[in-house]
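Notes to accompany the following structure.
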Amino acid sequence: MSSSIVRVALDVPLPRGFDYLAADAVASDVGRRVSVPFGSGEKIGVILEVLAASELPQEKLRPVRAILRDAPPLPPDWLALAEFCSRYYQHSLGEVIALALPPALRRRNALPRLPDRETFRITEAGRRALPNLAQRSIAARLLAVLELNGAMSRRELRAVSASAAKQLPGMLEKGWLVGECETPNLKAAAGPELLEEQRRAVDSVSQAFGGFAPFLLHGVTGSGKTEVYLRLIEQALERGGQALLLVPEIALTPQLEARVSGRFPGARLVSLHSSLADGARGAGFLQALNGEADIVLGTRLSVFTPLPRLALIVVDEEHDPSFKQQEGMRYSARDVAVWRAKQRGVPIVLGSATPSLETWAAAQSGRYGLLELSCRAVAEAMPAVRCVDTRREKLQDGMSEHLLRAITARLERGEQSLIFLNRRGYAPVLAC
């Protein structure tokens, strides 16, 4: 009897999959990680296909070492995203998959432990059984505590007895307990009243839910773009969907994470960026893959996060060069996000005060919807900006007469001035 054959994507710079024998492989294993021999070592790859036959003779195929079924398989839309990046950015599919997976999933180690959101309650059958159990038995102790306290998590029951985890399956099978999954409260906290331009922007994107529609949210600094994002995320969650919010810099993540978690205190928020420990990144990736994460907030690599209920993508500061990977596979997370929004049929909002030329051209030509926020959401006045053409001015140590007069006026008033130089590395000396 011939074994099944699996075609595996491996992290090597070769544009093809590798065939291995796998006696226990089934069609549902497509997308699962697999441990295979490669050369004199071992590699972790992802199953692309389960085949009945290979182009190579079967005697030349090596058997897989293990199909890793400790996590759900990567979904077909995620594999299609990896295939697109492989074609467009000219890297092997295995290299793309290795880049997109967090380090914890690129190894054979035990996967990170996910937050336990299941609680247990005692049933009527459990109450009837309790008097007949030995008082010092672990089952009796657990039932008694549950009768007293109501629903309890697995961790709380382990505090009652270290053997609780071993007892729970048998108690569930006997009908003494019932397990319940914690349902998150997705209700958003109240936000500030929207300005008219903000309301028009929210309404325009709201009408596009359920289909692909790209928008440029062009708003001056302080115009309230983040508030527009939060209102749209609220609508995505109300529809039972997930939201992906991309930011350019790790330094921006904690500040925005605090604001998002404050607005959605009951939602399951996952933050993903390269400064996280491997275990935390792996756990966040798996939460998203399982559909447990409601909002994913992260830097450019987060664009590859699997999201089965994806309903909205937001790219903040879309013009920022940090969205471009400059080594290995040189991809643009913003462009991948737009392709992914089209693939999944969801709206995407690209926000910026200074849009990139290609995004601005797409908005001007009508390919992207243009949403304008021309005034600040707060009562502060916009700073006065004056451009000086230094080609027509006589400079003194590199500074124009206008700049020298402005600095002198600040000094006379006891104020400070901050001067930025557009040179890095070697530059002529400026003298005060």
Side-chain angles (χ1 to χ4, degrees), residues 7-18 30-34 36 38-39 41-49 71 73-107 214 244-250 252-253 270-276 278 281-282 284-286 288-289 296-307 310 313-344 348 350 356 358-359:
R7 183 157 293 163
V8 179
L10 296 175
D11 183 14
V12 292
L14 296 173
R16 63 184 182 86
F18 297 85
V30 172
R32 289 195 190 276
R33 297 173 305 126
V34 61
V36 298
F38 191 82
E42 178 185 64
K43 281 187 175 290
I44 300 296
V46 170
I47 297 176
L48 302 176
E49 296 179 82
L74 296 163
D77 69 277
W78 192 93
L79 293 174
L81 175 67
E83 288 172 1
F84 161 74
C85 291
S86 172
R87 294 191 308 271
Y88 193 80
Y89 295 110
Q90 293 295 293
H91 271 68
S92 74
L93 181 56
E95 290 177 304
V96 175
I97 289 175
L99 168 78
L101 289 178
L105 273 70
R106 299 200 297 264
R107 299 189 293 261
L244 174 62
L245 175 54
L246 299 179
V247 295
E249 295 284 354
I250 295 171
L252 299 177
T253 309
V270 166
S271 182
L272 293 175
H273 51 80
S274 58
S275 287
L276 290 175
D278 288 354
R281 280 182 65 189
F285 187 93
L286 288 174
L289 174 60
V296 173
L297 167 64
T299 49
R300 61 175 177 258
L301 264 178
S302 304
V303 75
F304 295 108
T305 307
L307 294 160
L310 182 62
I313 300 177
V314 174
V315 183
D316 190 27
E317 306 295 345
E318 64 85 25
H319 64 276
D320 198 291
S322 297
F323 281 122
K324 291 186 178 180
Q325 174 83 9
Q326 300 294 350
E327 56 188 28
M329 185 179 79
R330 289 169 169 80
Y331 69 95
S332 165
R334 180 203 62 201
D335 295 348
V336 173
V338 173
W339 190 92
R340 191 172 188 191
K342 184 174 183 179
Q343 175 205 29
R344 298 293 299 275
I348 179 170
L350 310 175
S356 61
E358 58 268 31
T359 300

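Worth knowing before you read on, the calculation uses all heavy atoms, side chains too, and leaves out hydrogens, waters and symmetry mates. As the structure is a prediction and not an experimental result, all values here were calculated from the model.
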Legend entry - Sidechain-backbone polar pair: Ser86 side chain, His91 backbone, donor-acceptor under 3.5 Å: yes
Legend entry - Value rounded to 0.5 Å, distance of CE in Met329 from CD in Gln90: 11.5 Å
Legend entry - Flag side-chain contact, heavy atom, 4.5 Å: Val336 against Tyr89: yes
Inset, instruction - For residues 80-106, pull every pair meeting salt bridge (Lys or Arg N to Asp or Glu O under 4.0 Å), keeping only residues two or more places apart or in separate chains. - result: none
Inset, instruction - Using a cut-off of 6.0 Å, state whether more than 12 heavy atoms not belonging to Tyr88 lie near its atom OH. - result: no
Legend entry - 4.5 Å side-chain heavy-atom contact, Asp278 and Arg107: yes
Legend entry - Arg33 side, atom CZ; Ile97 side, atom CD1 - distance, nearest 0.5 Å: 12.5 Å
Inset, instruction - Give the intermediate values and the outcome of side chain to side chain contact (heavy atoms under 4.5 Å, CB included) for residues Phe18 and Val36. - result: CA-CA 10 Å; Phe18 297 85; Val36 298; over 6 Å; no
Inset, instruction - Would you check if Trp339 and Ile348 make a side-chain contact, meaning some heavy-atom pair closer than 4.5 Å? - result: no
Legend entry - Thr305 versus Ser302, side-chain donor and acceptor atoms under 3.5 Å: no
Legend entry - Minimum-distance pair of heavy atoms, taken over all atoms of Ala337 and Val315: CB-CG2, 4.0 Å
Inset, instruction - Could you go through the side chain to side chain contact (heavy atoms under 4.5 Å, CB included) check for Leu310 and Asp77 one step at a time? - result: CA-CA 11 Å; Leu310 182 62; Asp77 69 277; over 6 Å; no
Inset, instruction - Output the distance between atom CG (Asp316) and atom CG (Leu297), rounded to the nearest 0.5 Å. - result: 9.5 Å
Inset, instruction - Describe, in one word, how the ring planes of Phe304 and Tyr331 are oriented to each other, choosing from parallel (under 30°), tilted (30 to 60°) and perpendicular (over 60°). - result: perpendicular
Legend entry - Sub-4.5 Å side-chain heavy-atom contact between Leu301 and Pro102: no
Legend entry - Within-4.5 Å side-chain heavy-atom neighbours: Val303 and Leu81: no
Legend entry - CD1 on Ile47 to CG on Leu74, rounded to 0.5 Å: 10.5 Å
Legend entry - Donor-acceptor contact present, side-chain Arg281 to main-chain Ser275, <3.5 Å: no
Legend entry - Test item: Phe285 and Leu101 side chains (from C-beta on) under 4.5 Å apart, heavy atoms: yes
Legend entry - Point-to-point distance, once rounded to the nearest 0.5 Å, from CD1 of Ile313 to CZ of Arg344: 8.5 Å
Legend entry - Min side-chain heavy-atom separation Leu105-Ile44 under 4.5 Å: no
Inset, instruction - State, to 0.1 Å, how close Pro248 and Ser322 come at their nearest heavy-atom pair, and which atoms those are. - result: O-CB, 3.3 Å
Legend entry - Taking every non-hydrogen atom, the tightest pair across Cys85 and Val96: CB-CG1, 3.9 Å
Inset, instruction - Taking all heavy atoms of Leu276 and all of Leu272, pick out the closest pair and write down the distance. - result: CD1-CA, 3.8 Å
Legend entry - With sequence neighbours excluded, residues passing salt bridge (charged side-chain N to carboxylate O under 4.0 Å, His left out) with Arg300: none
Inset, instruction - List the atom of Ala80, the atom of Gln343, and the distance in Å for their closest heavy-atom pair. - result: CB-NE2, 3.6 Å
Legend entry - Minimum heavy-atom distance between Thr299 and Ser274, given as atom pair plus value: OG1-N, 4.5 Å
Would you mind writing out the side-chain donor-acceptor pairs for residues 10-17 within the sub-3.5 Å range, not counting sequence neighbours?
none

